[in-house]
Amino acid sequence: MPEVPDLEAIRTFLNRRIIGQVVERVDVTIPVVVRVPRDEFVRLLTGDTFGEVHRHGKFLLFTLASGRIMVINAMLTGRFSYVDPSTRKHARTCFVLVMSDGCELRYVDQRFMGRVYLVMPEELKAIPQFAEMGPDVLSLDLTEDVFKERLRKHTGQIKGILVNLKFVAGIGNAYSDEILWEAGIHPYRKRTLITDEEATRLYHAVHSVFDWAGPIVAEKMTESLDYSEWRDHLRVHRRGGQPCPRCGTTISEITAGQRITSFCRACQP
């Protein structure tokens, strides 16, 4: 799943390329991910001009000169490419936007779980999950006090709270493991057992992890965007059986449904 470092890198890359670019042609090959009628999607996008790309939580918002916004929630397997037309298309490319600079913006989704919308700004809250989101995890409004106040409103295991978009928007499964490892907190601890000092550590761990990971992922997208999931830099997530980079204890890994949780039992009591 693309998470905040991935989406921020994609957003930054595209803002260097597509602002002012006109959509010359729209090819929808797998319409199931497009949540407006195909003909309407093609008609409204063709000839429109891209403005700045924004991000809120795990949604990318592509502003357009018409005032519309193309909103993409990539979910688990949505991927983006901005490439020369001669570049071989990935299997399950859902749509292609041919741009006036000669490049193509492509959206690929292996499981067709992503959702693509084309709305006016006043319609954003009608998009599923959009109105439910808490403040963005990187928002300046999410101060330590606000973070702690919102944390107190939730019950259950701390990892489950971190990935709950109603708490804050943008933390996913992989980086929640990294944040909890950085903070030294067991992922299955109950929120009611988290001390104020631990909540402070957790808040600062969110920012230190994203500050660390962001440049690493962005470096992968300096020259081209043909996105695949980059996770080689992660320190604990999907590192089950390997030594903890902090203390050397073997990292534990638990799979529940589609969610893998990785943690160090020594560092994260």
Judged by modelled atom types alone, do [X] and [Y] share a side-chain donor-acceptor pair under 3.5 Å?
X    : Y    : answer
E24  : S100 : no
Q242 : T250 : no
D145 : T143 : no
E52  : T63  : no

Is the distance between the ring centroids of H237 and W181 under 6.0 Å?
no
Does the separation of the ring centres of F147 and F167 fall below 6.0 angstrom?
yes
Salt bridge or not for [X] and [Y], using N-O below 4.0 Å?
X    : Y    : result
R235 : E182 : yes
R189 : E198 : yes
K148 : D196 : yes
E149 : R152 : no

Out of curiosity, I185 CD1 to I194 CD1, how far, rounded to the nearest 0.5 Å?
4.5 Å
Approximate separation, where rounding is to 0.5 Å, of R265 CZ and T249 OG1
11.0 Å
Cation over ring, R17 on F13, under 6.0 Å and within 45°?
yes
Among residues at least two apart in sequence or on other chains, which ones pass side-chain contact (heavy atoms from CB on, under 4.5 Å) with L61?
H54, H56, F59, I69, V71, L124, F130
Mind checking what makes side-chain contact (heavy atoms from CB on, under 4.5 Å) contact with L76, not counting sequence neighbours?
M1, R111, M113, Q258
Beyond-backbone contact of F41 with V26, side-chain heavy atoms, under 4.5 angstrom:
yes
Listed by chain and number, what are the side chain to side chain donor-acceptor pair (under 3.5 Å) partners of R238, not counting sequence neighbours?
none
